[in-house]
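What follows is a short report on a single structure.
Reckoned from all heavy atoms, side chains included, excluding hydrogens, waters and symmetry mates.
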2 protein chains.
Amino acid sequence: MNIRSDIHGYPAGSCHLYRTGAVAQIQERLLSSGDARDLADLFQVMADPTRLRIISLLAETELCVCDIAAALEMTPSAVSHQLRVLRMAQLVKFRKEGRMAYYSLDDDHVLKLYTQSLDHLGHMPGGAIGPLGKS
Amino acid sequence: MNIRSDIHGYPAGSCHLYRTGAVAQIQERLLSSGDARDLADLFQVMADPTRLRIISLLAETELCVCDIAAALEMTPSAVSHQLRVLRMAQLVKFRKEGRMAYYSLDDDHVLKLYTQSLDHLGHMPGGAIGPLGKS
DNA sequence: TTAATATATGAACATCCGTTCAGATATTCA
DNA sequence: TGAATATCTGAACGGATGTTCATATATTAA
């Protein structure tokens, strides 16, 4: 009886965790399916160039949709769609003033995550992601 | 002559940035297209439940493919595919020992980004806050 | 050598995602 | 009122993506 043969029909192997019976131990620090999905959703929202550029604009001040669209040289429609995604993920909030909607970052956690990722990018050799592994 | 009419054929609006001519100013802090794409690629790699769970496993120790597969209750093939994605993004590295491949996190920036995002999740009002949700 | 194990990879499939387009709502101005 | 503006939204199209399946390579065991 092991996980592989029970669940996936794999023949029992000889990986050391099975020999030592340490599977339960490493599963304790395993992110739950639910948390993994929630986290993935968060990263998914950040995983778009347009949304990241919007965040970079909102990092310092609130802006209305048409100005964001102008700065990004995109249609207000496309920007509005992306702002909706950011809004639903609670990464940005907005206030209505007349016919304008002024958007800003929801809290400083967004900014922290953004700057943290920029920091990580700075540590990537060449910035771009190359093939296979590290030298 | 403004960006919208030049590039997208939109009629000139009256957004305040155009009246004050501050477009160039906000464009200075705008993330470049290239950087935005690189950052989006990084987040994209993080934006998958399986890859996040792998990262959570590798947060404390190196593991071989079959043990990761066992802990995740997935096929080694699926795990190998995801490890390849993590490897190409330089989020994990591996060493070959016989027929086994032991994977570990490439550097602590990955872990920082991961824990930072967990922290953000903990601040989400509606978001699911699981056992690992907050530290 | 032959068999079993550990990992890697290409193709295929279903699903998801960002933009465009058309159109809707709401506010302001003449 | 009617026209222009600011924003929003649903549908659709093309492209990206994660898993499965079959298969390939390499290492170890018998």
Side-chain angles (χ1 to χ4, degrees), chain A residues 2 4-5 8-19 36-37 40-41 43-54 63-70 72-89 92 94-103 131-133, chain B residues 2 4-5 7-19 36-37 40-41 43-54 63-70 72-89 92 94-103:
Chain A
N2 67 39
R4 272 171 300 176
S5 54
H8 294 288
Y10 275 77
S14 59
C15 276
H16 67 287
L17 283 186
Y18 282 97
R19 288 196 304 257
R37 227 181 302 111
D41 286 342
F43 280 118
Q44 186 64 43
V45 174
M46 304 283 288
D48 178 75
T50 297
R51 290 194 287 268
L52 287 172
R53 300 184 91 200
I54 291 175
L63 288 171
C64 67
V65 179
C66 66
D67 285 336
I68 297 173
L72 265 53
E73 301 180 359
M74 295 178 60
T75 66
S77 174
V79 171
S80 182
H81 274 296
Q82 298 306 341
L83 283 171
R84 184 172 175 275
V85 175
L86 290 169
R87 219 188 320 149
M88 291 197 301
V92 305
F94 75 107
R95 64 182 179 88
K96 217 54 182 291
E97 189 178 314
R99 57 186 157 184
M100 324 269 283
Y102 289 94
Y103 282 82
L132 280 170
Chain B
N2 66 39
R4 273 170 298 175
S5 55
I7 298 184
H8 294 290
Y10 274 76
S14 60
C15 276
H16 66 290
L17 283 186
Y18 282 99
R19 290 196 304 258
R37 225 181 303 112
D41 286 342
F43 281 118
Q44 185 65 40
V45 174
M46 305 282 289
D48 178 76
T50 297
R51 291 194 288 267
L52 286 171
R53 300 182 92 198
I54 291 175
L63 288 171
C64 67
V65 179
C66 66
D67 285 336
I68 297 173
L72 265 53
E73 299 179 1
M74 294 177 61
T75 66
S77 175
V79 171
S80 182
H81 275 295
Q82 298 305 341
L83 283 170
R84 183 172 174 278
V85 175
L86 289 168
R87 219 189 322 150
M88 290 197 301
V92 305
F94 76 108
R95 64 183 179 87
K96 220 47 184 293
E97 188 178 315
R99 57 184 159 187
M100 324 269 283
Y102 290 94
Y103 282 81

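Atom C1' of nucleotide dT19(C) and atom CZ of Arg53(A) are separated by 15 Å, given to the nearest angstrom. Distance CG (Asp41(B)) to P (dT17(D)): 8 Å, rounded to an integer number of Å. Between Phe43(A) atom CZ and dT17(D) atom C1' the separation is 18 Å, expressed in whole Å. Nucleotide dT7(C) holds its P atom 12 Å from the CZ atom of Arg87(B), rounded to whole Å. Note: CD1 (Ile68(A)) to C1' (dT19(C)) measures 17 Å, nearest angstrom. In this structure, Gln82(B) places its CD atom 17 Å from P of dA16(D), rounding to the nearest Å. Between the CG atom of Leu86(A) and the C1' atom of dT7(D) there is a distance of 16 Å, rounded to whole Å. In this structure, Met46(A) atom CE and dG18(C) atom P are separated by 14 Å, rounded to whole Å.
The shortest distance between the side-chain N/O atoms of Arg84(B) and the OP1/OP2 oxygens of dA8(C) is not below 4.0 Å. Residue Tyr102(B) places none of its side-chain N or O atoms closer than 4.0 Å to OP1 or OP2 of dT7(C). For Thr75(B), no side-chain nitrogen or oxygen approaches OP1 or OP2 of dC21(D) to under 4.0 Å. Distances shorter than 4.0 Å separate some side-chain N or O of Arg51(A) from OP1 or OP2 on dG18(C).
Looking at heavy atoms from C-beta onward, Asp41(A) lies out of side-chain contact with Val45(A) at the 4.5 angstrom threshold. Residues Gln44(A) and Gln44(B) have side chains in contact (heavy-atom distance under 4.5 Å, counting atoms from C-beta outward). The shortest side-chain heavy-atom distance between Phe43(B) and Leu52(A) falls under the 4.5 Å cut-off.
Residue Ser77(A) places a side-chain atom within donor-acceptor reach of the base of dC21(C), judged by atom type and a 3.5 Å distance cut-off alone.
Listed nucleotides dT20(C), dT7(C), dT7(D) differ in distance to Ala101(B); the shortest reach to its side chain belongs to dT7(C). Considering only the side chain of Thr50(A), dT19(C) comes nearest among dT19(C), dA8(C), dT7(D). Considering only the side chain of Arg99(A), dT28(C) comes nearest among dC8(D), dT28(C), dT9(C). Side-chain proximity of Tyr103(B) to the nucleotides dA29(D), dA8(C), dT20(D) is greatest for dA8(C).
Atom CZ of Arg37(B) has 12 or fewer neighbouring heavy atoms from other residues, nucleotides or ligands inside a 6.0 Å radius.
The nearest heavy atom of DNA chain C to Val85(A) and to Leu83(B) marks one nucleotide each, and the one closer to the 5' end goes with Leu83(B). Along DNA chain D, the nucleotide nearest His81(A) and the nucleotide nearest Lys96(A) are compared for position; the residue whose nucleotide lies closer to the 5' end is Lys96(A).
When all heavy atoms are compared, the tightest approach of Gln82(B) to Arg51(B) is OE1-NH1, 2.6 Å.
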